[in-house]
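Report on one structure; see the data block that follows.
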Amino acid sequence: SEGEWTEGRVIVEEDLHRIAEAGFKTVRIPIRWTAHAAANAPYQIDAEFMARVKQVVDWSLAEQLKVVINVHHYEAMMNDGEAMQEAHIKRLVGIWQQISQAFPLSEYGQEQVMFELLNEPNGSIGYDDWNDIVARLTDLIWTNMADQQNNGDQQRKIVIGTANWGHPDGLTHLQLPASVNANNTIITVHYYEPFHFTHQGASWVAGANDWIGTPWLGTQSDQQPLIALFDRVSAWNEQPGRGFEIYMGEFGVYSEYAAAEYQRAW
């Protein structure tokens, strides 16, 4: 539930004003729809929760912020295994159908709100599974929901990440449908390298306590593998038929144990 990670603190309108005043142009809103949607078809999303999401989106738009709406932490899909995969995919499709109905182009323009299909596919959702899900969701949003999301004058921009936790190297496994192009799609990656530094002491990562004290000084040898990873992203994007906007949807260092000067250097 909202506030679970922040000791009950929830977003208020002033937060979005502060974000815009600080010079940011975009907010990404991580939304755990599956905690507020029925398990069985038609997978009804709780009306009060949908209204709350729309409230935060509307506050953002009032501050001239672009908004990325995603499906966040669908952990059951990743963890329940192959036998349950199709059931979860159908639920994901049902959720996006409702989101598409709630956020039509007529009210939320293509330059205002973008749809990020799924945060960090992992576990039983491998590269091939993810490519199949992308094809199904793009068909749903742009074809099945065309009245709301693809009216001839405007088309909803979508945001597509990579399997294996959104890692940039997952781009090489991404097979995009023919309907995807640089005008209607943004490619997103998450960046937490070197992982032993950024996740030192993280309670949700096995073995992370062993990494406590890992430094990052910003030396040339420290920088080189990070820059090389950016270079691989650029090389992928320079291939014919690509040229996407690349959106780094997440990056950062877990602050509890990393020394502040190392974090600043990173």
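All heavy atoms count here, side chains included; hydrogens, waters and symmetry mates do not. Residue numbers run from 1 in the order of the sequence given.
Annotation: side chain of Arg91 is not in contact with side chain of Asn40 (no heavy-atom distance under 4.5 Å). Considering only heavy atoms from C-beta on, Phe195 comes within 4.5 Å of Thr198 through its side chain. Using a 4.5 Å heavy-atom threshold, the side chains of Ile187 and Glu245 count as separate. Annotation: side chain of Met50 is not in contact with side chain of Asp46 (no heavy-atom distance under 4.5 Å). At a threshold of 4.5 Å between non-hydrogen side-chain atoms, the residues Met145 and Trp96 do not count as touching. Within the 4.5 Å cutoff, the side chain of Glu250 has heavy atoms near those of the Arg28 side chain. Here the side chains of Ser1 and Glu4 are in contact, with some heavy-atom distance below 4.5 Å. Using a 4.5 Å heavy-atom cutoff, the side chains of Trp130 and Asn164 are not in contact.
Gln148 contributes no side-chain N or O that, together with a main-chain N or O of Gln101, makes up a donor-acceptor pair within less than 3.5 Å. Side chain of Gln97 to backbone of Gly94: no donor-acceptor contact under 3.5 angstrom is found. Looking at Gln98, its side chain does come within 3.5 Å of a backbone N or O of Ile45 through a donor-acceptor pair. Judged by distance alone, with hydrogens and angles left aside, the side-chain atoms of Trp165 form no donor-acceptor pair with the main-chain N or O of Asn119 at under 3.5 Å. With Arg232 contributing its side chain and Leu171 its backbone, the two residues share no donor-acceptor pair below 3.5 Å. Arg156 places no side-chain N or O within donor-acceptor distance of the main-chain N or O of Ala146, the cut-off being under 3.5 Å. A donor-acceptor pair is defined here as one N or O able to donate and one able to accept, closer than 3.5 Å; such a pair exists between the side chain of Asn150 and the backbone of Trp142. Side chain of Thr143 to backbone of Leu140: no donor-acceptor contact under 3.5 angstrom is found. Counting only distance, with no hydrogens or angles, the side chain of Glu107 and the backbone of Pro104 share no donor-acceptor pair below 3.5 Å. For Asp129 (side chain) and Asp132 (main-chain N/O), no donor-acceptor pair under 3.5 Å exists by modelled atom type.
Between the side chains of Arg52 and Gln55, at least one donor N or O sits under 3.5 Å from an acceptor N or O. Between the side chains of Asn144 and Arg136, no donor-acceptor pair is found at a separation under 3.5 Å. Judged purely by distance below 3.5 Å, without hydrogens or angles, the side chains of Glu193 and His167 pair a donor atom with an acceptor atom. For the residue pair Ser255 and Gln263, a side-chain donor N or O sits within less than 3.5 Å of a side-chain acceptor on the partner. Between the side chains of His199 and Tyr192, no donor N or O sits under 3.5 Å from an acceptor N or O.
Here Ser124 contributes atom OG and Met78 contributes atom CE; the two are 8.0 Å apart, rounded to the nearest 0.5 Å. Asn70 CG to Phe115 CZ: the interatomic distance, rounded to the nearest 0.5 Å, is 11.5 Å. With rounding to the nearest 0.5 Å, the separation of CG in Leu176 from OG1 in Thr138 is 9.0 Å. Distance check, rounded to the nearest 0.5 Å: CD of Glu256 to OG of Ser203 gives 8.0 Å.
Applying the side-chain hydrogen bond (donor to acceptor under 3.5 Å, both in side chains) rule to Glu75 yields the partners Arg32; only residues at least two apart in sequence or on another chain are considered. The salt bridge (Lys or Arg N to Asp or Glu O under 4.0 Å) search around Glu120 returns none, not counting sequence neighbours. Partners of Asp80 by salt bridge (Lys or Arg N to Asp or Glu O under 4.0 Å), not counting sequence neighbours: none found.
Heavy-atom contacts from other residues, nucleotides or ligands closer than 6.0 Å to CD of Glu86 number more than 12. Atom CG of Asp128 has 12 or fewer heavy atoms from other residues, nucleotides or ligands within 6.0 Å. Within 6.0 Å of atom CD in Gln239, more than 12 heavy atoms from other residues, nucleotides or ligands are found, so the atom counts as buried in its surroundings. The 12-atom threshold is exceeded at CG of Asn181, counting heavy atoms of other residues, nucleotides or ligands nearer than 6.0 Å.
Under the 4.5 Å side-chain contact rule for hydrophobic residues, Tyr127 and Leu92 do not share a cluster.
Grouped by direct or indirect side-chain proximity (heavy atoms under 4.5 Å, Ile/Leu/Val/Met/Phe/Trp/Tyr only), Val159 sits with Val68, Met114, Ile186, Tyr247. Taking a 4.5 Å side-chain heavy-atom cut-off between Ile, Leu, Val, Met, Phe, Trp and Tyr, the cluster of Tyr191 extends to Phe197, Trp216, Leu217, Leu226, Leu229, Phe230, Met248, Phe251, Val253, Tyr262, Trp266. Tyr43 belongs to no multi-residue hydrophobic cluster, having no ILVMFWY side-chain contact under 4.5 Å with any other such residue.
With Phe103 as the aromatic partner, Lys54 meets the cation-pi criteria of under 6.0 angstrom to the ring centre and within 45 degrees of the ring axis.
In this structure, Trp236 and Phe244 have parallel ring planes: the angle between them is below the 30° cut-off, well short of the 60° mark.
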> Does the side-chain contact (heavy atoms from CB on, under 4.5 Å) test come out yes or no for Thr34 and His88, once each step is laid out?
Replying inline: CA-CA 10 Å; Thr34 53; His88 285 305; over 6 Å; no

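In this structure, His73 has its ring center closer than 6.0 angstrom to the ring center of Trp5. Note: Tyr74 and Trp33 fail the aromatic proximity criterion, with ring centroids not under 6.0 Å apart.
Test Asn183, Asn151, Asn184, Leu105 against Gln110 for side chain to side chain contact (heavy atoms under 4.5 Å, CB included) and you get one pass: Leu105.
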